[in-house]
Amino acid sequence: PDAVKLAQTRDREDLRELPLVTIDGEDARDFDDAVWCEPTRGGGYKLYVAIADVASYVYPGSALDDQAQLRGTSVYFPNRVVPMLPEKLSNGICSLKPEVDRLCLACELRIDASGETTRARFFAAVMRSHARRTYNQVWNAIGHGRVESLGHYQHLLPQLKDLHGLYQVLARRRNERGALDFEGQEVKFSYDEAGNIDAVKLYERNDAHRLIEECMIAANVEAAKFLNKAKIPAPYRVHAPPPEEKFEELQSFLAEFGLRLPPHASVKPADYSALLRKIRKRPDALLLEQVLLRSQSLAVYHPDCNGHFGLALEAYAHFTSPIRRYPDLLVHRAIRHVLNGGKAANYEAGPAEMLARAQHCSQRERRADEASREVNERYQCAWMSKHVGSEFDGIISGVTSFGLFVGIADTGVSRCATWREMPSSAGRPGSVTPTSCTRFDGACQIMSEWWSTRSERFHDFRKCGAGTSS
């Protein structure tokens with residue numbers, strides 16, 4: 001269908017007058033989520049998170065569902081997306097476009113001044129987004145006072161300021177929990193008129209990104225609590241504490257830098273967060289952050305609600321992106337089942353079936369991440385091939401038994417340069433050996449330092465012993 005039918009709006013709450021807005025990236029086409037909030041007495045907030053109701057269009061056992069489950073997730077490449085759902089749905093009737101009616105599954109949260117959610121409820125609704133704004137437009141308005149960046153939506157400025165106030169409350173609570181905060185490096189490409197890569201830059205996040213992220217986390221937590229209480233099989237997002245073997249290797253590595261964490265049996269997310277804050281201004285911060293990240297477990301989907309170590313949360317699920325992630329669609333179906341009076345005994349999937357689905361979704365997520373990473377690396381290689389002979393500042397992020405990992409500043413471009421191809425101080429290649437190294441994970445590592453390198457050392461850019469991300 002191209003539009004919401006009147007019959008579909010029956011038995012739903014009407015949120016069309018509520019000025020919900022979507023805030024996404026400039027190139028976003030599928031809008032999963034819309035938000036609105038207002039201050040309450042005592043310094044708290046009432047927050048609405050409205051999520052596209054994909055479950056009303058993709059039914060269990062249908063051909064659409066079979067394909068969505070097979071794909072598991074949308075896959076994002078620099079200049080295109082391979083969607084989980086047909087574009088008629090993902091960019092059409094399911095997308096929360098402005099000024100049109102859309103079905104949604106909403107979460108209303110009451111958040112106190114300390115950032116704790118005191119009440120929450122889920123309900124089916126019909127909504128109408130009042131604006132589609134981008135992260136940069138919102139941040140220019142609320143962070144830099146450039147209200148004109150909102151265009152015809154300047155009247156929404158007070159609402160956006162309320163959302164930023166809520167973010168500050170949630171961010172304080174996040175810090176108090178001790179949630180990990182690794183500085184991610186997302187690469188963005190720009191193109192010339194012929195479609196060739198014109199530039200490679202790291203994408204900078206601002207408080208508008210974090211504002212939406214915290215609102216989504218709050219709704220995700222309540223979805224996990226809701227389903228766990230109802231004992232409905234669902235794919236929770238689980239991030240286990242670091243494996244003991246990796247943790248002991250990490251401790252040995254940190255000791256060489258005069259750093260350490262509490263013993264494995266008692267280590268908490270807050271201990272990692274304190275260490276990250278301590279090292280952030282050090283010249284070797286990049287190396288230390290990467291090693292800390294690689295010591296983490298991989299986050300997976302699982303039918304047991306075992307918490308999320310990285311976010312320092314006891315319950316977590318993915319609820320907010322059903323257009324692009326199949327686990328979110330499963331969570332929506334489970335919530336709707338409970339709202340309609342269903343029980344675990346008459347749910348369409350039992351624990352064993354949900355375990356199989358969760359494992360499948362985890363595998364598809366890893367496959368999508370690997371595909372995106374490989375294409376990004378190929379694009380970076382194509383860009384570097386235009387700059388043979390140029391000089392760039394780089395940072396040595398690690399040393400192995402076979403060479404250096406070097407990244408070009410502000411681009412996300414990195415490569416492994418072997419010892420054999422590097423000149424010695426006398427200008428003779430192949431005579432450099434690692435020094436000032438320590439043992440970690442079977443490889444030699446070195447303190448991070450600035451290094452100026454020529455791009456011909458990058459033109460045969462290739463993946464070389466990369467670590468695993470959490």
Side-chain angles (χ1 to χ4, degrees), residues 13-28 31-52 96-100 102 104 106-121 125 127-177 179 181 183 203-222 311 319-321:
E13 294 190 31
D14 193 339
L15 298 181
R16 284 175 286 195
E17 296 302 316
L18 192 70
L20 290 154
V21 298
T22 63
I23 305 174
D24 295 275
E26 282 80 356
D27 54 356
F31 308 126
D32 286 286
D33 55 88
V35 294
W36 175 87
C37 81
E38 67 176 359
T40 57
R41 287 183 179 180
Y45 289 86
K46 177 166 70 172
L47 168 67
Y48 281 87
V49 177
I51 306 298
L96 305 183
K97 296 179 178 180
E99 305 304 333
V100 292
R102 289 291 183 260
C104 67
C107 181
E108 177 190 346
L109 304 95
R110 298 299 181 100
I111 299 168
D112 66 20
S114 71
E116 289 285 352
T117 299
T118 58
R119 281 187 291 163
R121 70 182 182 103
M127 62 158 286
R128 175 177 286 232
S129 170
H130 284 230
R132 178 271 199 266
R133 296 290 85 187
T134 69
Y135 296 119
N136 288 333
Q137 288 170 337
V138 170
W139 185 237
N140 282 335
I142 63 176
H144 301 297
R146 297 199 287 269
V147 184
E148 65 276 6
S149 66
L150 296 176
H152 297 298
Y153 299 101
Q154 294 183 25
H155 63 281
L156 294 174
L157 183 62
Q159 176 186 336
L160 296 174
K161 287 184 175 180
D162 285 343
L163 282 166
H164 191 244
L166 169 61
Y167 158 68
Q168 292 173 319
V169 170
L170 293 174
R172 283 197 298 271
R173 182 69 193 110
R174 178 191 179 106
N175 290 335
E176 290 167 1
R177 291 198 318 266
D181 188 18
E183 292 290 339
Y203 186 69
E204 293 186 12
R205 282 163 46 88
N206 55 49
D207 273 8
H209 294 83
R210 300 179 185 99
L211 178 162
I212 293 299
E213 182 179 278
E214 289 302 320
C215 289
M216 298 304 108
I217 289 174
N220 286 337
V221 169
E222 295 310 312
L311 292 174
F319 161 74
T320 55
S321 297

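These numbers were taken from a predicted model, which means no experiment stands behind them.
- Within the structure, the side chain to side chain donor-acceptor pair (under 3.5 Å) test picks out the following pairs touching residues 156-173 (sequence neighbours left out): Glu116-Arg173, His164-Asp207, Arg173-Glu176.
- The 12-atom threshold is exceeded at CD of Gln154, counting heavy atoms of other residues, nucleotides or ligands nearer than 6.0 Å.
- Taken from CD1 in Ile212 to CG in Asp32, the straight-line distance is 12.0 Å, to the nearest 0.5 Å.
- For the pair His130 and Glu17, the minimum side-chain heavy-atom distance is 4.5 Å or more.
- Contact between Leu150 and Gln137 at its shortest, heavy atoms only, is CD2-O, 4.0 Å.
- In this structure the side chain of Leu160 reaches within 4.5 angstrom of the side chain of Ile23, judged on heavy atoms.
- Minimum heavy-atom separation, Leu156 to Ala131: CD1-CB, 3.4 Å.
- Applying the side chain to side chain contact (heavy atoms under 4.5 Å, CB included) test to Ala219 and every residue at least two apart in sequence or in another chain returns Val49, Phe319, Thr320.
- Listed here is the closest heavy atom pair of Leu96 and Ala50: CD1-O, 3.7 Å.
- Residues meeting the side chain to side chain contact (heavy atoms under 4.5 Å, CB included) test with Leu166, sequence neighbours left out: Cys37, Tyr45, Leu47, Ile111, Leu170, Cys215.
- To the nearest 0.5 Å, the span separating NZ on Lys97 from OG on Ser129 amounts to 11.5 Å.
- With contacts defined as side-chain heavy-atom distances shorter than 4.5 Å, the pair Thr117/Val221 does not qualify.
- The nearest pair of heavy atoms linking Ser149 to Ala141 is OG-N, 3.6 Å.
- Side-chain contact between Glu214 and Val169 is absent, with no heavy-atom pair separated by less than 4.5 Å.
- Legend: residues meeting salt bridge (Lys or Arg N to Asp or Glu O under 4.0 Å) with Asp112, ordered by chain and number and at least two apart, are absent.
- Residues passing the ring-ring contact (aromatic ring centres under 6.0 Å, His included) test with Tyr48, sequence neighbours excluded: Trp36.
- In this structure His152 satisfies the side chain to side chain contact (heavy atoms under 4.5 Å, CB included) test with no other residue, sequence neighbours excluded.
- No side-chain donor-acceptor contact under 3.5 Å links Arg205 to the backbone of Arg210.
- For Arg128, the salt bridge (Lys or Arg N to Asp or Glu O under 4.0 Å) criterion is met by Asp101, not counting sequence neighbours.
- Partners of Glu26 by side chain to side chain donor-acceptor pair (under 3.5 Å), not counting sequence neighbours, listed by chain and number: Asn136.
- For Glu13, the side chain to side chain donor-acceptor pair (under 3.5 Å) partners at least two apart in sequence or on another chain are Arg121.
- Residue pairs meeting the salt bridge (Lys or Arg N to Asp or Glu O under 4.0 Å) criterion with at least one member in residues 34-48, sequence neighbours excluded: Glu38-Lys46.
- Atom CG of Leu109 and atom CD of Glu222 lie 5.5 Å apart (nearest 0.5 Å).
- At least one side-chain heavy atom of Arg174 sits under 4.5 Å from a side-chain heavy atom of Ile217.
- To the nearest 0.5 Å, the span separating CH2 on Trp139 from CD on Glu204 amounts to 12.5 Å.
- Qualifying side chain to side chain contact (heavy atoms under 4.5 Å, CB included) partners for Arg132, counting only residues two or more places apart in sequence or in other chains: Thr22, Asp24, Ala28, Phe31, Pro98, Thr134.
- Of all non-hydrogen atoms in Leu157 and Ile142, the two that sit nearest each other are CD1-CG2, 3.9 Å.
- Residues that satisfy the salt bridge (Lys or Arg N to Asp or Glu O under 4.0 Å) test with Arg133, not counting sequence neighbours, are absent from this structure.
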